[in-house]
Amino acid sequence: MPPLDPALPLDSLPQLLVDVAAVEHNIALKQAWAREHRMVLAPHIKTTMTEQIVRRQLPGSWGATVATVAQAAKAIEWGAARILIANEVVFGPQLQRLRRWLEADAGLEIYCLADSAAGVRALAAAFDGAARPLRVLVDVGTPGGRTGIRTLAEAGPLAARIAASPGLLLAGVSAYEGVAPNVRTAENLARVAAHCALAKEVFEALRPECEAGEPVFSIGGSAFQDQAARFLPDGALNVLRSGCYVVHDHGTYAEVSPVPGLTAAAVVRALVVSVPEPGLAVLNAGKRELAYDAGLPVIVAAYRGSEVLAGAAGTVARLFDHHAVVSEAAGLAVGDVVDLGISHPCSVFDRWREVVAVDGARAEVWHPEF
């Protein structure tokens, strides 16, 4: 990511900045990658929940992936006609909301996941007598992990419950290959492969029972989708649910993503507010502004007025609520501006109500809606 214009007209610092050209580059690159690997893309919009980004993602996509019913409402508002809720939805009022949406819009499709008889009962109760069905994917998980059945033996009885429930359609299988830490060790890749192999085995077992047209095999994540691509079943609609690719990062996904050419599209611009000791600088951005669950931010550029500080350096060593402590600081003075690259985009957009979208020398404000 090249340095953004240091003279951008910002009303306050810190501020989350997004490079529009980089976002559009990443969208086009990922859509092409999915096509080349026999997949269609249903981007997981929880990463940004920003209308201007999602509307750019939708035209070349099969649909939109969300994690919650509230996010699904936004996806529909922003133009998505096919929604995959990559989660178990079991709360009655939320399921009734899905039913109302489907009955009000004949062009809308909604998919959600199920991994238990209790979950299917909740879905069936909400959709009993519904004019339009809810499409259900059998969720495949891993021991000690998140949701999802753990064994092939669980799949048949669960699928039979779905198929026997009026108002529900068995549509396929869902898995999530991001079951391992985001590092490409042999052990982690073996875990990913084992999970994807199980998901494919479940899919093949359930394929004859699927009722909703071309059966869906859905996988998600931005770290190991190349590994998941090795286990795609033939004759399926293979749906990739990646999210973080759209802005990429300067940390975990920069290190692990298998998609060449993705560009980090976001930085948090902060101000040096104190240099209390030699080699120590303090910035006015901290845990409330910066993601830190997958690594601390890194300094990617520094400015003094319109001058790029080529020799400025330092390591973000510690975060407080609204401060970052930079150790081994060099060439930084009070009043200097620092652009921080973040790790894990999903954990930074939800900290901001305003995002400055930078398009060359132009800037406008976008509003994430979580």
Side-chain angles (χ1 to χ4, degrees), residues 18 20 23-24 26-35 39-89 91 94-114 123 126-127 130-137 139 168-169 171-172 174 176 212-222 225 237-247 265 345-346 349-350 355 357 366-370:
V18 174
V20 175
V23 166
E24 292 175 344
N26 291 343
I27 290 171
L29 189 70
K30 187 57 175 278
Q31 289 175 351
W33 190 95
R35 287 193 301 270
M39 301 180 191
V40 295
L41 192 60
H44 206 320
I45 67 170
K46 70 172 183 180
T47 296
T48 68
M49 287 304 296
T50 301
E51 179 178 3
Q52 292 85 349
I53 294 177
V54 174
R55 286 191 181 275
R56 284 170 164 82
Q57 291 175 281
L58 287 177
S61 299
W62 173 81
T65 300
V66 298
T68 68
V69 173
Q71 291 173 4
K74 285 297 175 185
I76 294 169
E77 178 183 329
W78 296 337
R82 186 180 284 116
I83 310 292
L84 197 165
I85 304 175
N87 209 342
E88 321 295 314
V89 183
F91 187 49
Q94 290 178 321
L95 289 167
Q96 289 294 335
R97 196 177 183 191
L98 300 184
R99 175 172 174 164
R100 289 194 297 272
W101 290 340
L102 285 168
E103 292 182 337
D105 184 353
L108 179 65
E109 291 180 6
I110 298 178
Y111 296 72
C112 69
L113 312 187
L123 300 178
F127 277 82
R132 298 194 62 236
L134 179 68
R135 297 162 188 257
V136 184
L137 304 176
D139 187 13
L168 306 182
L169 288 179
S174 171
Y176 173 57
E214 190 174 18
V216 169
F217 182 74
S218 175
I219 54 178
S222 294
Q225 64 264 41
L237 185 65
N238 296 308
V239 179
L240 178 61
R241 308 191 306 266
S242 300
C244 290
Y245 75 91
V246 73
V247 287
C346 287
F349 272 77
D350 61 352
V355 171
W366 294 348
H367 298 277
E369 299 186 54
F370 283 89

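With contacts defined as side-chain heavy-atom distances shorter than 4.5 Å, the pair H44/L84 does not qualify. Contact annotation: the side chain of W366 never approaches that of T48 to less than 4.5 Å [non-hydrogen atoms, C-beta and beyond]. Looking at heavy atoms from C-beta onward, S174 lies out of side-chain contact with F217 at the 4.5 angstrom threshold. Side-chain contact check for N87 versus C112: every heavy-atom pair is 4.5 Å or farther apart. Looking at heavy atoms from C-beta onward, S242 lies in side-chain contact with Q225 at the 4.5 angstrom threshold. Side-chain contact between V66 and K46 is absent, with no heavy-atom pair separated by less than 4.5 Å. Counting heavy atoms from C-beta on, the side chains of F370 and F349 come closer than 4.5 Å. Proximity of I76 to W101: side-chain heavy atoms (C-beta onward) are separated by under 4.5 Å at one or more points.
Of all heavy-atom pairs between Y111 and A171, the closest is CE2-CB, 3.8 Å. Of all non-hydrogen atoms in S222 and G243, the two that sit nearest each other are OG-N, 3.4 Å. Counting all heavy atoms, side chain and backbone alike, A80 lies closest to A64 at CB-CB, 4.0 Å. Looking at every heavy atom in both residues, L95 comes nearest to A126 through CB-CB, 3.4 Å. Of all heavy-atom pairs spanning L58 and G63, the tightest one is CD2-O, 4.3 Å.
Judged by distance alone, the side chain of R241 and the main-chain N or O of A86 form no donor-acceptor pair under 3.5 Å. Judged purely by atom type and a 3.5 angstrom limit, S61 has no side-chain atom pairing as donor or acceptor with the backbone of P59. One N or O on the side chain of R132 and one on the backbone of L108 form a donor-acceptor pair closer than 3.5 Å.
Here E214 pairs with nothing under the salt bridge (charged side-chain N to carboxylate O under 4.0 Å, His left out) rule; sequence neighbours left out. Under the side chain to side chain contact (heavy atoms under 4.5 Å, CB included) criterion, I27 pairs with V23, Q31, R56, Q57, V246, not counting sequence neighbours. Looking at residues two or more places apart in sequence or on another chain, you find a side chain to side chain contact (heavy atoms under 4.5 Å, CB included) between A70 and T68. With sequence neighbours excluded, the residues satisfying side chain to side chain contact (heavy atoms under 4.5 Å, CB included) with Q94 are V69, V89, F91. Contacts of E109 classified as salt bridge (charged side-chain N to carboxylate O under 4.0 Å, His left out), with partners at least two apart in sequence or in another chain: R82, R135.
Taken to the nearest 0.5 Å, the CZ atom of R100 stands 9.0 Å off from the CG atom of L98. Expressed to the nearest 0.5 Å, how far CG of L123 lies from CD of E88 amounts to 8.5 Å. To the nearest 0.5 Å, the span separating CH2 on W62 from CG on L240 amounts to 11.5 Å.
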> Should K30 and L41 be marked as a side-chain contact (heavy atoms from CB on, under 4.5 Å) after you check the CA-CA gap, both sets of side-chain angles, and the distance that decides it?
Replying inline: CA-CA 8 Å; K30 187 57 175 278; L41 192 60; 4.0 Å; yes
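Just one residue in the list I53, I45, T47 forms a side chain to side chain contact (heavy atoms under 4.5 Å, CB included) with M49, and that residue is I45. Checking each of I110, L137, L134 against I85 for a side chain to side chain contact (heavy atoms under 4.5 Å, CB included) leaves exactly one that passes, namely I110.
For residues 63-77, the set of pairs meeting the salt bridge (Lys or Arg N to Asp or Glu O under 4.0 Å) definition, not counting sequence neighbours, comprises K74-E77, K74-E369.
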